[in-house]
Amino acid sequence: MENLQAPLVRPKRKKVWVDYFVQFRWIVVIFVVLPISFSLYFLTYLGDVRSEMKSFKQRQKEHDENVEKVIKRLKERNAKKDGLVCTARKPWIAVGMRNVDYKRARHFEVDLSAFRNVLNIDQRRMVARVEPLVNMGQITRVTVPMNLALAVVAELDDLTVGGLINGYGIEGSSHIYGLFSDTVVAYEIVLADGRLVRATKDNEFSDLFYAIPWSQGTLGLLVAAEIKLIPVKDYMKLTYKPEKGNLKDLAQGYIDSFAPRDGDQDNQENVPDFVETMVYSPTEAVCMTGRYASKEEAKRKGNKINSVGWWFKPWFYQHAQTALKRGEFVEYIPTREYYHRHTRCLYWEGKLILPFADQFWFRFLLGWIMPPKVSLLKATQGEAIRNYYHEMHVIQDMLVPLYKVGDALEWVHREMEVYPIWLCPHRLCKLPVKTMVYPEPDFDRHRRQGDTTYAQMYTDIGVYYSPGPVLRGEQFDGSEAVRRMENWLIENHGYQPQYAVSELNEKNFWRMFDAGLYEHCRNKYKAVGTFMSVYYKCKKGRKTEKEVQEAEQAIAEVPYAEEDPPAE
């Protein structure tokens, strides 16, 4: 490990004009992006309040009318003359960092902008029925006062149900409940032929149910979902524990924070409700474990309550870092504020966007209009700055088996040298069919720490920031670094969430993900020729309609449609 302490020696990089644009971009962010962001947040909030004032019956009526509009619109499409179907959402609105240049090719738009209502909270079934554009801030505002929450609540307010289902969603409770899509009870999908179907794990559309996650909306149009609810309490009792040592030591400390060494992973007494770890350097990390706590417990004499959601409070990752000097400590955070603890500073990306925004004077004066909307940051960056970020910045998540976390941390340090690093565990369940992402074939025989007979424990290694070489003014090839990362993931049975910029070619994409069930459903439900395939939707760079149509035609010639879905 000693050699990991010294950064790789790289040649110095000569600055170009775009470096100065990025350096002083904070001017545009403060005077343009932040005011517009705040206005949009406020208008969205008013719209959500207006929606919440309607009865569930009225919301359902509007939902049915909007679904009929979608079906009618799909039936208007002429397959021979019109392009492939995609939503009317503008490319820059998506929160993910991969480009969405596929929308620059000729396409047939379907407007889903009205689908942003919470349709029902069924406390008897413990299920929330919501539309795809409902975001995490909206759903927690409705459920937490009822002492309920989604089983997995992604941290950033702007993340939507549709994006978390069709793409990727995780939270500190995923070591218990799995990824966001694992908590879905039913999907309501409008298929390519205009049929509205409800897919569950045990009805006639069970193959579609298992194929939807990670499909990026390429099997049909999601118009509603039923998602598992869990009971929660008013506060999160959070324990901050510093870890020091080499990267393998930090990885083991992280694993021990939530995975009992005796293998009793389902024992609620030994497993916390929430887990995350932040690695601040090759030798220092802070492990955080949380348990739900009542208001009475939190307000008991001697306990400290920390309302981290106030605009003037220190950014959460910096607050957690104080444990490295303070030592282990415990505090109580209001539950909803804990869920969205990374929103104000966008994890730690806010430090790059506004270098002084973490200082007290800025937090006190302007912290109330934070954060800037990611969509507006993308809309105002221009082509040159976007390309700069692709090459000089890393926003990636590496999903790796838990026992390989130490190896992955060493790889990231050697190749990218990015800190802080976010660690969050999640279960990858063994399912009746083989889905796009699946656990290692023999995991249940090895029963490593964190695993059970029915699920392998994985970890999201969140690598978000400018690499060390870039910060030091050295040369760094972002595309090549991502390409090596993807190869490492393929070799180690890992996955790359599709929101990120990818360098995968088609062959390697399907080495990372399994195509069997996905292509079966693409053909069975007539998505081929109507919706773009998931690889071409995620592919880096501009896509022409001809390129996509030729690829679709090649897929259509493979006789999947009448086969049974591939079994695990």
Side-chain angles (χ1 to χ4, degrees), residues 136 149-156 168-180 182-183 230 232-233 235-243 247 249-280 284-293 306 308 316-317 319-321 323-324 328-333 335 337-342 347 397-406 408-409 420-429 448-452 455-464 497:
M136 293 298 98
L150 300 183
V152 174
V153 182
E155 289 93 344
L156 302 184
Y168 165 75
I170 192 173
E171 167 59 299
S173 60
S174 289
H175 65 296
I176 299 173
Y177 301 105
L179 298 177
F180 188 89
D182 294 320
T183 67
I230 60 170
V232 301
K233 297 179 182 178
Y235 286 86
M236 184 66 64
K237 179 184 178 182
L238 196 63
T239 301
Y240 303 79
K241 182 180 179 182
E243 293 285 346
L247 287 171
D249 295 333
L250 303 184
Q252 189 58 54
Y254 156 70
I255 294 170
D256 289 339
S257 71
F258 71 94
R261 294 201 176 194
D262 62 6
D264 195 6
Q265 192 64 40
D266 290 322
N267 188 337
Q268 295 182 359
E269 297 297 320
N270 296 331
V271 178
D273 295 319
F274 273 77
V275 177
E276 71 176 332
T277 287
M278 283 180 272
V279 182
Y280 292 96
E284 294 180 321
V286 175
C287 299
M288 285 155 281
T289 54
R291 289 186 179 274
Y292 288 110
N306 183 9
V308 298
F316 184 76
Y317 83 95
H319 170 66
Q321 192 174 8
L324 295 173
E328 183 173 335
F329 68 96
V330 177
E331 64 185 12
Y332 292 79
I333 300 174
T335 295
E337 295 182 25
Y338 175 76
Y339 285 154
H340 303 296
R341 61 199 177 279
H342 293 299
Y347 287 90
D397 288 85
M398 302 169 65
L399 309 188
V400 302
L402 182 64
Y403 71 95
K404 293 186 177 180
V405 170
L409 288 177
I421 295 174
W422 186 61
L423 302 181
C424 184
H426 69 92
R427 276 179 168 166
L428 197 54
C429 293
R448 299 180 179 90
Q449 190 174 354
D451 293 351
T452 63
Q456 184 177 14
M457 194 66 74
Y458 266 61
T459 281
D460 181 329
I461 300 178
V463 187
Y464 327 124

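If you're wondering where the values come from, they're calculated on a predicted model, not measured in any experiment.
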With sequence neighbours left out, what residues match [X] under side-chain hydrogen bond (donor to acceptor under 3.5 Å, both in side chains)?
| X | value |
| --- | --- |
| Gln449 | Gln252, Asp256 |
| Asp397 | Tyr464, Tyr499 |
| Asp182 | none |
| Asn267 | Asp264 |

Interatomic distance, [X] atom [atom1] to [Y] atom [atom2] [nearest 0.5 angstrom]:
| X | Y | atom1 | atom2 | answer |
| --- | --- | --- | --- | --- |
| Arg341 | Leu238 | CZ | CG | 8.0 Å |
| His175 | Met457 | NE2 | CE | 7.0 Å |
| Ile333 | Phe274 | CD1 | CZ | 11.0 Å |
| Glu155 | His340 | CD | NE2 | 9.5 Å |
| Asp273 | Ile230 | CG | CD1 | 7.5 Å |
| Ile421 | Leu247 | CD1 | CG | 7.5 Å |

Quiz item: With sequence neighbours excluded, what pairs up with Lys233 under the salt bridge (Lys or Arg N to Asp or Glu O under 4.0 Å) test?
Solution: none

Quiz item: Between Phe316 and His342, does the ring centre distance come in under 6.0 Å?
Solution: yes

Do the side chains of [Y] and [X] get nearer than 4.5 Å, heavy atoms only?
| X | Y | answer |
| --- | --- | --- |
| Leu179 | Val152 | no |
| Met136 | Leu156 | no |
| Tyr254 | Leu402 | yes |
| Met288 | Met236 | no |
| Leu423 | Ile461 | yes |
| Thr452 | Arg427 | yes |
| Tyr280 | Met278 | yes |
| Val271 | Gln265 | yes |

Exercise. Would you mind telling me which of Val463, Val279, Ile170 makes a side-chain contact (heavy atoms from CB on, under 4.5 Å) with Trp422?
Key: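 The option that passes is Ile170.
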
Exercise. Kindly determine whether Gln268 and Ile176 satisfy side chain to side chain contact (heavy atoms under 4.5 Å, CB included), including the steps that lead there.
Key: CA-CA 10 Å; Gln268 295 182 359; Ile176 299 173; over 6 Å; no

Quiz item: Quick one: do the Glu171 and Tyr339 side chains pair a donor with an acceptor below 3.5 Å?
Solution: no

Minimum heavy-atom separation for [X] to [Y], with atom names?
| X | Y | result |
| --- | --- | --- |
| Phe258 | Pro425 | CZ-CB, 3.4 Å |
| Leu399 | Tyr168 | CD2-OH, 3.2 Å |
| Leu324 | Ala285 | CD2-O, 3.5 Å |
| Leu250 | Glu284 | CD1-N, 3.6 Å |
| Val153 | Ala149 | CG2-CB, 4.5 Å |
| Thr289 | Ser257 | CG2-O, 3.4 Å |

Self-check item: Tyr240 and its side chain to side chain donor-acceptor pair (under 3.5 Å) partner, picked from Glu331, Glu328, Gln321
Solution: Glu331

Practice problem: Check whether more than 12 heavy atoms from other residues, nucleotides or ligands sit under 6.0 Å from atom NZ of Lys241, and answer yes or no. | Solution: no

Exercise. Just jot down the ring-ring contact (aromatic ring centres under 6.0 Å, His included) partners of Tyr403, sequence neighbours excluded, or say none.
Key: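 By the ring-ring contact (aromatic ring centres under 6.0 Å, His included) rule, Tyr403 matches no residue at all.
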
Quiz item: side chain to side chain contact (heavy atoms under 4.5 Å, CB included) between Asn306 and His319: does it pass, once the steps are laid out?
Solution: CA-CA 11 Å; Asn306 183 9; His319 170 66; 3.3 Å; yes

Quiz item: Side chain of Thr335, backbone of Tyr235: donor and acceptor closer than 3.5 Å?
Solution: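 It does hold such a pair.
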
